[in-house]
Amino acid sequence: MSPATGAEQATGRPAPLVGILALQGGFEAHERVLRRLGARTRQVRVPTDLEGIDALVLPGGESTVMTLGVEREGLKEPLCRLAAGGTPILGTCAGMIMLDRAHLGILDVLAQRNAFGRQLHSFEASFEVDGVDGGPVHAIFIRAPWIAEHGPDVTVLAEVDGHPVAIRQGRILALSFHPELTGEDRLHRFFLSLAGFGEPTAKET
Amino acid sequence: MSTNGHIARDESTFTVKAGLAEMLKGGVIMDVVTPEQAKIAEEAGAAAVMALERVPADIRRDGGVARMSDPEMIRGIQEAVTIPVMAKARIGHFAEAQVLEALEVDYIDESEVLTPADTVNHIDKWAFKAPFVCGATNLGEALRRIGEGAAMIRSKGEAGTGDIVNAVTHLRKIRSEIRWLTQLGPEELASAAKELQAPLPLVRQVAADGKLPVVLFCAGGIATPADASLVMQLGAEGVFVGSGIFKSSDPERRARAIVEATTHYADPARVAAASTGLGAAMESIETSKLDTEQLLSPRGW
């Protein structure tokens, strides 16, 4: 747990508590980035772990494993309720898939799994993400999805190969890639700003 | 919107290779020998499958030379599931690894479970675009493999026995040697590297970070949900289950139970629930009763 952090002292607000779905996958990497930014974190495995959180991360991993876990733990309904109540959510890779119409149905998008191909076609790249200041975002795509379809409430923040890889709908951000693995923290800062914490690094659109 | 029509991209960097292992964390990787088994594993919550011709228990029973699997079988498994598919190459058999890379398997396991092809050298894993996972019984062995390009490590245990004792020994050894390094002064690390027979830069990195530079899974002897909980509590970041699932009386149920226990490893009530009514575990062998030449874990150098 982080004690009073620089960010907290600066805003005078208590550090937000960010729940990170920890059924399987890269949840610890998100934990490290968020703590470095001054947030408190809690691993979420059962519905009671969601109580009192200010924001939620759905990490990368295998969406099949997470889908089974969400079902086993009875997490679907409480997760959807959180989203409907306006809790900011960040989904990366498998987390983006979990948010789509075919899974939790939280975002008005359809993600295509393994859209870039098998692991041999996984890659690193740098590109601009709309509204993220300070130059290109360095991103790592691992057997990554992209957004195949999206509704009118969805804002596309970046595309690769003509397919959306970063999108926003209200207070929910979904990324095909893994900012948590590259030392990049601007997208997490943007996410925390949606929870009313810290300075936004991306302009409200 | 920022459109990035044709951006420059770097494939198969070490970050990309090690990144897939990061995404497998907290998961169970299951040995499968047919597309049907792969499907069962996926539906039970496997984070990845390891495609091989015979599970270690059968390799142990049948004897003879154990080799890379038939590409047709690997392709069949790749078509059956959407989760990552791993496959094994013999230690030092870089041509088998080249074949597996040509098949686009997601991870290559340079494995002591197969009969080694080289008694001195492991595969030069930097020469490949596909990532490798390798076994280790101690920190020096783990760092030698990472030095050769492995992007993920699994403690070896003793495959095909259903006996967890060697997995525990190897995990504890790796973890205690890491703790030892963190207590040394900078001037002591060269000597430690010599003792561990490991590359000095990696020794320095482990001493600074207090952890391996890549993800550490546990393999070799996991047969029950409690076994999975045990090794996770000992510091494994995920588990490989070889013979433990499809050599048990109710593979699907046991697979689900081990997945559940791996997620809730720190919650004994959940591990108890997962352990209930699973039927018989695999037929097991007490490792200490095996002759030295029957052991798989000493293979690798």
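Order of the sequence lines fixes the chain letters, A, B, ..., with proteins taken first and strands second; residue numbering starts at 1 for each chain.
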Self-check item: Verdict with supporting geometry, B/Arg270 and A/Val46, side chain to side chain contact (heavy atoms under 4.5 Å, CB included)
Solution: CA-CA 11 Å; B/Arg270 291 298 300 265; A/Val46 295; 3.7 Å; yes
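- Residue contact with chain A, scored on non-hydrogen atoms closer than 4.5 Å, involves the backbone of B/Ala8 exclusively.
- Here the CD-CG distance, from B/Glu260 to A/Leu23, works out to 10.5 Å after rounding to the nearest 0.5 Å.
- The closest donor-acceptor contact from the side chain of A/Arg143 to the backbone of B/Leu20 lies at 3.5 Å or more, if one exists at all.
- Rounded to the nearest 0.5 Å, atoms OG (A/Ser122) and CE (B/Met23) are 10.5 Å apart.
- Looking at A/Ala139, neither its backbone nor its side chain comes within 4.5 Å of chain B, counting heavy atoms on both sides.
- Neither the backbone nor the side chain of A/Gln43 comes within contact range of chain B, judged by heavy atoms closer than 4.5 Å.
- Panel note: side chain A/Glu124, backbone B/Glu11; no donor-acceptor pair is recorded below 3.5 Å.
- Counting heavy-atom pairs under 4.5 Å between each of A/Arg118, A/His163, A/Glu73 and chain B puts A/Arg118 at the top.
- Contact annotation for B/Ala21: neither backbone nor side-chain heavy atoms come within less than 4.5 Å of a heavy atom of chain A.
- Heavy atoms of A/Arg113 lying under 4.5 Å from chain B belong exclusively to its side chain.
- Under the 3.5 Å distance criterion, the side-chain polar atoms of A/Gln119 are matched with a main-chain donor or acceptor of B/Val16.
- Taking each heavy atom of B/Ala44 and A/Leu68 in turn, the nearest pair found is C-CD1, 3.8 Å.
- Inter-residue side-chain proximity for B/Thr82 and A/Thr64 is flagged as met; some heavy-atom pair is nearer than 4.5 Å.
- Side-chain atoms of B/Thr15 and A/His138, non-hydrogen and from C-beta on, never get closer than 4.5 Å to each other.
- For the pair B/Thr263 and A/Arg72, the minimum side-chain heavy-atom distance is below 4.5 Å.
- Using a 4.5 Å heavy-atom threshold, the side chains of A/Gln24 and B/Thr262 count as separate.
- Rounded to the nearest 0.5 angstrom, B/Arg9 CZ and A/Ile140 CD1 are separated by 13.5 Å.
- Two residues are said to be in side-chain contact when any heavy atoms from C-beta on lie closer than 4.5 Å; B/Glu237 and A/Glu28 meet this criterion.
- Of all the listed residues (B/Ala18, B/Ala130, B/Pro84, B/Gly238), the one sharing the greatest number of non-hydrogen pairs under 4.5 Å with chain A is B/Pro84.
- For B/Phe94, the CZ atom sits in a loose shell: 12 or fewer heavy atoms of surrounding residues, nucleotides or ligands are nearer than 6.0 Å.
- For A/His121, the parts lying near chain B are the backbone and the side chain together; criterion is any non-hydrogen pair under 4.5 Å.
- For A/Glu180, the part sitting under 4.5 Å from any heavy atom of chain B is the side chain, from C-beta outward, and nothing else.
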